[in-house]
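Scroll down for the structure; my scribbles are underneath it.
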Amino acid sequence: ATAARVYGWLLLRNKLGAESFSDTDLAVVAAIAIQAATAYENARLGEDSRRQAAALRDEQERTRFAMAAAHMGVWDIDLMTNAVTWSETLAPVFSLTPAQAPATLDRFLNLIHPDDRRSFTEHMRLAVAEQKEFTIEFRVIWPDGSHHWVAGRARVAYDEQRRPARLLGVCMDVHHEKLLEQQFHSAQKMEAIGQLAGGIAHDFNNLLTAVLGNANLLLDDLDRASPF
């Protein structure tokens with residue numbers, strides 16, 4: 001037995017050369033029992049730890065797979081040092097390898113399109129000042145110079161004194177969705193233009209029908225020998 005749990009019993013029945021067990025015998029047996037119980041408990045705790053570690057690795061792998069499949073990742077900015085930490089799945093959103101992930105806020109911001117950079121930093125400032133989450137869509141610059149749309153969400157994490165300590169965020173690649181949205185809007189515009197053109201053609205056809213009808217009536221009233 002240990003101080004926390006009883007794991008079994010040791011039964012003493014006969015002692016060779018004596019009719020009973022001495023206090024010393026009982027103390028030795030108790031010490032052996034404690035050592036055996038401690039070893040068993042340590043082995044059990046070790047096995048539990050290994051199972052928990054394996055379960056944690058499996059959970060982390062499932063999370064990593066889900067985030068990679070969703071083309072998203074997480075980032076962490078230390079508000080005191082401006083140090084940046086990226087998850088492995090975030091780098092591909094910016095067409096980077098994990099080793100190329102920015103380590104500072106300035107390098108992170110340099111990956112954002114200049115036209116969207118001010119808006120991103122303003123959202124960060126308001127998140128810290130007003131202690132609220134923010135969502136934003138912005139363009140990032142890939143190494144090949146192309147621009148890709150990303151959606152982001154972030155919130156502030158606080159230290160034990162409730163002071164803003166870190167900014168935690170997640171980004172998702174929404175470039176394909178943005179292109180589809182733009183195509184949809186373009187299709188809507190073309191449909192509206194088509195409807196407008198069809199309406200104009202219909203109205204013009206009505207006017208032309210009236211003009212041709214009146215012209216035919218006038219022709220009927222003219223003498224065939226008239227030069228007009």
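Under the 4.5 Å side-chain heavy-atom criterion for grouping Ile, Leu, Val, Met, Phe, Trp and Tyr, Leu168 is not connected to Val128 through any hydrophobic cluster. The hydrophobic clustering, which links ILVMFWY residues whose side-chain heavy atoms are closer than 4.5 Å, places Leu126 and Tyr158 apart.
Taking the side chain to side chain contact (heavy atoms under 4.5 Å, CB included) definition, one finds that Asn42 meets it with Thr38, sequence neighbours left out. Under the side chain to side chain donor-acceptor pair (under 3.5 Å) criterion, Arg162 pairs with no residue at all, not counting sequence neighbours. With sequence neighbours left out, Phe120 forms a ring pair (Phe, Tyr, Trp, His ring centres under 6.0 Å) with Phe108, Phe138. Shown here are the side chain to side chain donor-acceptor pair (under 3.5 Å) partners of Glu133, two or more places apart in sequence or in another chain: Arg153. Among residues two or more places apart in sequence or in another chain, the side chain to side chain donor-acceptor pair (under 3.5 Å) test is passed with Asp76 by Arg166. In this structure, His176 has no ring pair (Phe, Tyr, Trp, His ring centres under 6.0 Å) partners at least two apart in sequence or on a different chain. With sequence neighbours excluded, no residue satisfies side chain to side chain donor-acceptor pair (under 3.5 Å) with Glu160. Among residues two or more places apart in sequence or in another chain, the side chain to side chain contact (heavy atoms under 4.5 Å, CB included) test is passed with Met172 by Met72, Val174. Shown here are the ring pair (Phe, Tyr, Trp, His ring centres under 6.0 Å) partners of His148, two or more places apart in sequence or in another chain: Trp142, His175. Under the side chain to side chain contact (heavy atoms under 4.5 Å, CB included) criterion, Ala83 pairs with Asp78, Thr81, not counting sequence neighbours. Applying the side chain to side chain contact (heavy atoms under 4.5 Å, CB included) rule to Ser87 yields the partners Val74, Thr89, Leu90; only residues at least two apart in sequence or on another chain are considered.
Residue Ile77 forms a side chain to side chain contact (heavy atoms under 4.5 Å, CB included) with just one option from Thr85, Val156, Leu167, and that option is Leu167.
Closest heavy-atom contact between Leu111 and Leu96: CD1-CD1, 3.9 Å. Taking both residues in full, the closest heavy atoms of Val140 and Val93 are given as CG2-O, 4.4 Å, listed atom of the first, atom of the second, then distance. The heavy-atom pair separating His147 from Ile141 by the smallest distance is CD2-CG1, 4.1 Å.
With rounding to the nearest 0.5 Å, the separation of CD1 in Ile112 from CZ in Phe94 is 6.5 Å. The CZ atom of Arg125 sits 12.0 Å away from atom CZ of Phe134, with the distance rounded to the nearest 0.5 Å.
Within the structure, the side chain to side chain donor-acceptor pair (under 3.5 Å) test picks out the following pairs touching residues 99-111 (sequence neighbours left out): Thr97-Gln100.
Using a distance-only test at 3.5 Å, with no hydrogens or angles considered, no donor-acceptor pair links the side chain of Ser119 to the main chain of Asp116.
Side-chain contact between Trp86 and Pro98 is absent, with no heavy-atom pair separated by less than 4.5 Å.
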